[in-house]
Protein chains: 2
Amino acid sequence: MIKTISDISRMAGVAKSTVSRYLNGGPVSEKTRRKIEHIIKEQNYVPNTFAQSLKAKKTNFIGTVVPRLDSFATSQTLIGIDEALRSNHYQMLISNTSQDMDREIEAIYDFARQKISGIILLAAQVTEAHLTAIKQIDIPVILVGQKNDQIHSLIHDDKQAGRLMGRHVLSKGHRKIVYLGVTEKDEAVGIRRKEGIEEALAACPDCEASYLETSFKMSDAVLTASRLLEETRPSIIVCATDNIALGVIKAAHLKGIRIPEELSVTGFGGYDITEIIHPALTTVKYHYYEAGKKAADNIIQLVNEKPVDKLTLMDVELIERESVDNLLSNPLL
Amino acid sequence: MIKTISDISRMAGVAKSTVSRYLNGGPVSEKTRRKIEHIIKEQNYVPNTFAQSLKAKKTNFIGTVVPRLDSFATSQTLIGIDEALRSNHYQMLISNTSQDMDREIEAIYDFARQKISGIILLAAQVTEAHLTAIKQIDIPVILVGQKNDQIHSLIHDDKQAGRLMGRHVLSKGHRKIVYLGVTEKDEAVGIRRKEGIEEALAACPDCEASYLETSFKMSDAVLTASRLLEETRPSIIVCATDNIALGVIKAAHLKGIRIPEELSVTGFGGYDITEIIHPALTTVKYHYYEAGKKAADNIIQLVNEKPVDKLTLMDVELIERESVDNLLSNPLL
DNA sequence: CTGAAAGCGCTTACAG
DNA sequence: CTGAAAGCGCTTACAG
């Protein structure tokens with residue numbers, strides 16, 4: 001049923017090596033070229049990639065390890081990766097780990113077993129186990145979203161994002177501020193973003209700022225915010241992610257608190273949905289799609305043993321919308 | 001650097017075939033088993049899957065073709081597929097086509113070239129080119145989300161979804177209804193869902209129902225709804241998808257129309273976000289995750305030449321929330 | 001430009 | 001239980 005290179009060579013009356021040369025753009029006379037071309041078309045022949053890979057000792061697969069598939073950030077990053085990979089004739093392989101760190105490690109070894117050429121790792125944390133695995137497999141790896149001295153990394157400028165947001169909040173006259181953050185185990189989101197905020201708020205001695213922690217889940221944010229709003233009433237809640245902001249807005253709605261008149265809210269990420277909800281959310285936009293493209297470009301460079309900066313930093317951008325009240329122009333306050 | 005089965009066999013002082021047998025659970029004496037095991041651990045040996053596949057003539061890859069990565073429906077379905085595949089030791093390969101039909105066809109042939117064992121196709125339309133490709137590659141295929149007589153299909157019960165929604169709308173006293181649908185090229189969403197609605201509304205002779213079309217994009221829905229709301233004021237807009245509903249809600253907010261007091265809105269899909277927004281959206285929930293699991297189970301059956309129903313139908317479920325006003329209990333109307 | 005041969009890393013009958 | 005050999009479908013020097 002399925003034709004091999006031998007079948008084609010026999011039918012064309014040439015040697016296997018000649019067919020192989022034709023396939024790989026080697027020197028073939030015009031006459032044999034036409035003969036082979038014809039037979040291949042006619043037989044609908046496609047080379048067996050496994051045999052090819054077995055010989056060539058490498059594949060055109062790039063593996064991507066993602067903690068979850070159902071997140072805006074992941075989707076956009078993957079689309080960017082896929083786009084760049086495809087135009088360079090690489091194939092993207094995705095391994096979803098469902099936030100299970102053991103599965104991340106496993107995925108790395110699995111990819112190695114499949115002789116993929118490079119790995120793009122979207123991880124929230126980098127542990128010793130990650131480092132060991134990466135060292136052992138001896139395959140180029142790019143870490144996206146987090147930074148590690150021992151691995152090529154691509155990150156969004158979280159600290160700058162925090163600064164931009166912090167300054168913006170101050171510029172709108174907010175003085176009683178709650179920052180709703182996440183675990184410090186996630187260095188980028190839990191530490192860097194917060195540092196940026198703190199740095200900006202340090203410029204305001206008379207500010208009353210407090211820091212709280214919740215999880216990445218919207219539903220948890222709803223609960224945390226509900227409790228918070230019962231005890232105190234800040235003028236603004238600065239949330240570590242857009243999802244958390246969505247949860248806070250929900251909690252406010254449930255309590256009948258109007259946004260932004262009675263409470264301002266902001267996020268980080270720039271998810272599509274933040275523009276659609278009402279009021280539209282003020283946030284810092286991350287360029288996930290571009291980050292994916294860049295990560296893919298970088299891994300291709302590494303695979304081909306070309307130099308790549310140890311650290312790539314992606315710009316961020318404040319998007320001012322409706323969820324932040326301007327207290328300075330409000331004569332009532 | 002990288003060890004092969006020959007290296008291992010030499011180091012263990014046995015034949016390659018014995019190592020292979022050990023690897024594949026064949027009969028090996030306790031003594032040699034231990035020897036081999038030890039060497040493999042020590043050398044960190046992993047078999048080359050290409051060589052394995054080359055011999056075995058098949059892979060454990062299942063290819064999934066998706067029109068887009070950044071949609072709730074796709075993500076959930078993929079997660080389900082991945083979950084089921086993983087627990088059966090298959091690997092999911094994803095090909096994103098960015099809604100480009102040519103790329104869908106290409107993806108099918110690409111997968112065939114890579115000798116993947118089966119294909120799960122999430123397509124909005126099935127054309128002759130699809131059918132030809134599927135026939136030619138001679139690999140099991142499962143179509144998800146659309147139905148086709150010539151292919152194993154798994155669909156959500158769109159017609160029933162439409163019926164449920166239609167009846168619900170009537171039961172809440174709505175009589176002036178606009179259905180905001182999509183192109184009939186998408187049979188499931190464009191035709192079946194609408195038919196269900198029509199069927200339900202047919203039970204209400206004094207209803208004033210009109211049918212409009214928009215695209216799947218939120219931004220288009222915002223525009224279409226804005227125009228619509230300038231010309232007429234239905235009591236409810238029934239949207240063909242949750243995303244369209246989100247767009248309609250946005251348009252209403254922009255016009256200062258209150259939901260549901262002045263305008264009711266519904267969707268289809270049951271996206272997570274519909275629960276978080278305010279007011280929470282009444283919708284028909286589709287079980288994407290379960291559909292993905294089922295599709296994966298089915299493709300595995302087909303790959304192993306076991307029988308599978310030509311058509312699998314997934315249940316849907318009406319979720320009543322806050323975006324639909326109950327006109328019957330409102331004394332003012 | 002073209003062909004014969006060796007080999008990529010495995011598995012699978014076939015003997016023993 | 002174990003080993004030697006053939007072969008999966010390609011590619012790559014090496015001759016010619």
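Throughout, a chain's letter reflects where its sequence line sits, starting with A, and its residues are numbered from 1.
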Tell me what [X] touches on the nucleic acid: a base, only sugar-phosphate, or nothing, going by heavy atoms under 4.0 Å.
X      : value
T49(A) : nothing
T32(B) : sugar-phosphate
S17(A) : base

Holding to side-chain hydrogen bond (donor to acceptor under 3.5 Å, both in side chains), I want the full list of residues that pass it with T74(B), two or more places apart in sequence or in another chain.
S71(B)
For E128(B), the salt bridge (charged side-chain N to carboxylate O under 4.0 Å, His left out) test, sequence neighbours excluded, returns none
Check salt bridge (charged side-chain N to carboxylate O under 4.0 Å, His left out) between D7(A) and all other residues, then give those that pass, not counting sequence neighbours.
R10(A)
Which is the 5'-most and which the 3'-most nucleotide of DNA chain D that has an atom under 4.0 Å from a heavy atom of chain B?
dC1(D) to dG9(D)
Could you work out, with side chain to side chain contact (heavy atoms under 4.5 Å, CB included) as the rule, every residue matching [X], not counting sequence neighbours?
X       : result
E187(A) : Q146(A), I191(A), R192(A)
S29(B)  : K31(B), T32(B)
Q301(B) : K306(B), V308(B)

In dot-bracket, 5' to 3', how would DNA chain C read with Watson-Crick or G-U wobble pairs under 3.5 Å, [ ] for crossing ones and | for pairs to another strand?
|||.||||||||.|||
Can you run down the salt bridge (charged side-chain N to carboxylate O under 4.0 Å, His left out) pairs that involve residues 60-70 of chain B, sequence neighbours left out, and say none if there aren't any?
R68(B)-D70(B)
Does anything in residues 94-108 of chain A form a salt bridge (charged side-chain N to carboxylate O under 4.0 Å, His left out)? List the pairs, not counting sequence neighbours.
R103(A)-E83(B)
Find which nucleotide of DNA chain D each of L54(B) and V14(B) is nearest to by heavy atoms, and output the residue with the more 5' nucleotide.
V14(B)
Apply ring-ring contact (aromatic ring centres under 6.0 Å, His included) to F111(A) and list each qualifying residue two or more places apart in sequence or on a separate chain.
none
E30(A)/R34(A) ion pair, N-O < 4.0 Å:
yes
Using heavy atoms and a sub-4.0 Å distance, could you list which residues of residues 20-30 of chain B are near DNA chain C? By number, please.
S20(B), R21(B), N24(B)
